[in-house]
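So that the names make sense, note that chain A is the first sequence line, chain B the second, and so on, each numbered from 1.
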There are 2 protein chains.
Amino acid sequence: MPAQSSPPRTDTRPGGRSARVRAAVHQAVKELLTDEAGDALTIPVIAARAGVHATTVYRRWGSVGELLADVATSRFSGDVVVPDTGSLREDLERYAYDLAKDLSDPDTLALVRAIVGTGGEGAGVCRMERQRQLEAIIEREQARGNRVPTVDRAVEALLAPLYYRAVFTDQALSPEWARGLVSHLLPE
Amino acid sequence: MPAQSSPPRTDTRPGGRSARVRAAVHQAVKELLTDEAGDALTIPVIAARAGVHATTVYRRWGSVGELLADVATSRFSGDVVVPDTGSLREDLERYAYDLAKDLSDPDTLALVRAIVGTGGEGAGVCRMERQRQLEAIIEREQARGNRVPTVDRAVEALLAPLYYRAVFTDQALSPEWARGLVSHLLPE
DNA sequence: CCACTAACGCAACGATCACTGCGAGGTTTC
DNA sequence: GAAACCTCGCAGTGATCGTTGCGTTAGTGG
């Protein structure tokens with residue numbers, strides 16, 4: 001176990017030097033994830049691509065796994081706004097559509113696959129944020145006094161097919177198909 | 001692109017020398033996948049664990065990715081027998097139960113995650129065999145003249161939640177939960 | 001304006017990796 | 001039984017990786 005490797009220590013103000021190399025390294029990781037076969041994703045290569053020295057990357061992140069986890073965290077945080085249309089069905093349809101569009105991005109997909117390959121510790125990062133958004137939608141509907149499916153059911157019916165199709169198959173995540181998932185979760 | 005690297009060339013008879021080192025290397029990969037963090041999965045390490053020389057592994061497989069694909073192929077082929085109880089519901093329940101038990105094995109799970117991480121070309125291997133079995137169950141029921149869900153629906157309702165929960169979460173794949181998936185696919 | 005802290009660049013090091021001729025041992029075929 | 005073929009072990013090579021000590025530079029607070 002690599003201790004806990006102090007997270008991005010201090011200094012992450014949007015103009016600072018640290019923030020700049022951080023952005024450059026993140027960008028390099030995303031680019032390499034789409035280009036290369038995936039096994040060539042190593043610290044010296046990332047550092048060269050980012051225009052920084054490998055030493056810096058080793059000191060700040062320590063390993064490719066932690067770096068990927070960091071990239072995933074900043075990638076999957078507060079990116080999809082939770083829909084709020086007043087209708088559960090419509091909220092879920094927009095949510096499924098947004099998630100499908102997000103997972104259709106090759107960069108995002110490659111990132112998810114790489115994260116899964118690092119051992120699964122960071123795999124939760126790729127889904128917890130989405131699951132929280134789903135919970136928020138359902139709890140809001142429940143607060144309106146309506147019957148709602150359980151969160152687990154919603155995860156099985158929406159999140160699971162979206163992630164499964166994206167990660168394990170080559171099929172496209174069409175908007176119609178994503179909406180169809182909602183109709184199976186909420187039978188008329 | 002590494003050409004196509006001739007697949008396990010010749011000589012795979014169950015007693016031959018090639019078959020023996022092949023089995024040893026496969027076993028070593030499975031063991032290392034469970035032990036290590038995953039990033040230490042390299043050819044020399046695998047070879048040392050298997051008791052063979054790295055040269056042999058390089059020549060026969062060429063890269064870790066191809067080796068993983070080979071392991072996955074022999075792991076996911078003809079292992080789960082397709083249930084045939086005469087009842088679609090019962091067939092699917094047994095199928096879901098078997099798959100849940102299979103994915104609960106840490107070795108199998110680590111293999112699936114590693115395969116996904118190599119880029120996704122070999123990810124299909126982990127699911128195609130299962131999907132064919134699902135198709136066989138459904139087509140058999142259809143041949144009996146009964147109404148059946150589409151294969152895509154069955155994949156979304158069974159395969160996707162099973163793989164999603166196994167790969168992305170740490171929750172256990174309990175038999176009751178697996179059976180519950182079938183009851184959502186086949187209402188009534 | 002000046003000292004202080006922290007992040008980065010630089011150079012060097014051992015270790016490991018991926019790969020390549022060459023020879024030995026086993027298996028098949030005539 | 002002998003020759004041809006394939007597979008594996010062995011030793012060595014260049015390249016890359018992960019890591020560390022030290023000087024430099026950029027931001028921070030008095």
Side-chain angles (χ1 to χ4, degrees), chain A residues 1-29 32 35-70 114 117-119, chain B residues 1-29 32 35-70 114 117-119:
Chain A
M1 194 170 299
Q4 59 224 33
S5 97
S6 55
R9 312 215 169 69
T10 61
D11 179 17
T12 46
R13 283 172 308 300
R17 187 171 44 159
S18 295
R20 237 178 309 124
V21 310
R22 180 180 158 106
V25 170
H26 279 209
Q27 181 63 25
V29 169
L32 288 172
D35 296 0
E36 311 272 343
D39 53 70
L41 194 72
T42 173
I43 303 278
V45 175
I46 295 171
R49 180 88 165 207
V52 300
H53 270 67
T55 312
T56 303
V57 180
Y58 279 117
R59 282 205 239 270
R60 282 191 60 157
W61 287 280
S63 73
V64 178
E66 301 182 51
L67 174 53
L68 279 177
D70 188 40
T118 60
Chain B
M1 194 169 298
Q4 59 223 33
S5 97
S6 54
R9 313 213 171 68
T10 61
D11 179 15
T12 46
R13 283 171 310 296
R17 185 171 44 159
S18 294
R20 235 177 310 124
V21 310
R22 179 180 157 107
V25 170
H26 279 207
Q27 181 62 27
V29 169
L32 287 172
D35 296 0
E36 311 271 344
D39 53 71
L41 194 72
T42 175
I43 303 278
V45 175
I46 295 170
R49 181 89 166 209
V52 299
H53 269 66
T55 312
T56 304
V57 181
Y58 280 117
R59 283 205 235 271
R60 283 191 59 159
W61 288 279
S63 74
V64 178
E66 301 182 51
L67 175 53
L68 280 176
D70 189 39
T118 58

Rounded to whole angstrom units, what separation is found between the CG atom of A:Leu41 and the P atom of D:dT16?
16 Å

Can you tell me if A:Ser63 touches the phosphate of D:dG18, counting only side-chain N or O atoms and a distance under 4.0 Å to OP1 or OP2?
no

Between A:Pro44 and A:Ala54, which heavy-atom pair has the shortest distance, and what is it?
CA-CB, 4.2 Å

For a quick check, with a 4.0 angstrom heavy-atom cut-off, what is the B/S/- contact string for nucleotides 8-15 of chain C, read 5' to 3'?
SBBB----

Atom CD1 of A:Ile43 and atom P of D:dT16: how far apart are they, to the nearest Å?
16 Å

To check you understand the geometry: which heavy-atom pair defines the closest contact between B:Ile46 and B:Ala28, and what is its length?
O-CB, 3.7 Å

Find the distance between CD1 (B:Ile43) and OG1 (B:Thr56) and round it off to the nearest 0.5 Å.
11.0 Å

May I ask you to test the A:Val64-A:Thr118 pair for a side-chain heavy-atom distance under 4.5 Å?
no

Provide, to the nearest angstrom, the distance between the CH2 atom belonging to A:Trp61 and the P atom belonging to C:dA7.
12 Å

Just N and O in the side chain of B:Tyr58: are any of them under 4.0 Å from OP1 or OP2 of C:dA18?
yes

Less than 4.5 Å apart, side chain to side chain, heavy atoms only: is that true for A:Asp70 and A:Val25?
no

Do the side chains of A:Arg60 and A:Val52 get nearer than 4.5 Å, heavy atoms only?
no

